[in-house]
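Working notes, beginning with the structure itself.
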Amino acid sequence: MFFTEVLFAFFITVSFAILFNVRGKLILFTGIGGALSWFFYLLFTKNGYSYSTCYLLATALTAFYSEIMAKKLKTTVPTLLIAALIPMAPGGGVYFTMLYLTQNKYQDSLLKGMETSIIAGSMALGIILVTTCFKLFYHTKVD
């Protein structure tokens, strides 16, 4: 099941990369990034980390991959990173937050909304940490 989920994450990412107008060999590297993001998420989940930690670490590792590959492929980081994070996007959480809200289940909506916000915040923090480290390293190395 583990391999199947990672394989599907690859194809989902490739589909979104095409939708986002990523061209040529970058589609393949974006797909690899998406597969890696889901692989790392599953790996950390299986090891018992909290969901916020799983998303933070998986996103940070995916951002690290995107930074390295963007330099090697001479492209921008968002070209690789945005589609690569699609498998981890908390779309289901947003859906259920709104569903519970329309069904007048306010407590369930609040809980699901907070969980979704924590996931989104963890993902943002993972990107910020890696991007900041790369910018500091790159500017320090150049100067």
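Counting from 1, the numbers follow the sequence of the chain as shown. This is a predicted model, so every value here is computed, not measured.
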Taking atom types as modelled, find out whether Y106 and N104 have a side-chain donor-acceptor pair closer than 3.5 angstrom.
yes
Take Y100 and Q107 through the test side-chain contact (heavy atoms from CB on, under 4.5 Å) and record every step on the way to the result.
CA-CA 8 Å; Y100 295 147; Q107 186 173 5; over 6 Å; no
Enter the distance from L85:CG to L80:CG here, rounded to the nearest 0.5 Å.
11.0 Å
Here the gap from L56 atom CG to I119 atom CD1, rounded to the nearest 0.5 Å, amounts to 12.0 Å
OG1 on T59 to CD1 on I128, rounded to 0.5 Å:
11.5 Å
Step by step, work out the side-chain contact (heavy atoms from CB on, under 4.5 Å) result for K72 and I68.
CA-CA 6 Å; K72 288 193 180 297; I68 297 291; 4.2 Å; yes
May I ask you to check whether over 12 heavy atoms, not counting those of F64, lie within 6.0 Å of atom CZ?
no
Start with the C-alpha distance between F39 and F2, add both sets of side-chain angles, then the distance that settles ring-ring contact (aromatic ring centres under 6.0 Å, His included), and finish with yes or no.
CA-CA 8 Å; F39 171 77; F2 197 82; 5.5 Å; yes
Nearest 0.5 angstrom please: L57 CG to F40 CZ, how far?
10.5 Å
Please determine whether the number of non-hydrogen atoms from other residues, nucleotides or ligands lying under 6.0 Å from atom OH of Y51 exceeds 12.
yes
Centroid separation Y55 to F44 less than 6.0 Å
no
Name the residue from T75, I82, I27 that meets the side-chain contact (heavy atoms from CB on, under 4.5 Å) definition with V22.
I27
For the atom pair CG (N21) and OG1 (T79), what is the distance rounded to the nearest 0.5 Å?
10.5 Å
Is it the case that more than 12 heavy atoms not belonging to Y95 sit under 6.0 Å from its OH atom?
no
Between Y65 and F29, is the ring centre distance below 6.0 Å?
no
Quick one: pull up OG in S122 and CD1 in I127 and give me the separation to the nearest 0.5 Å.
11.0 Å
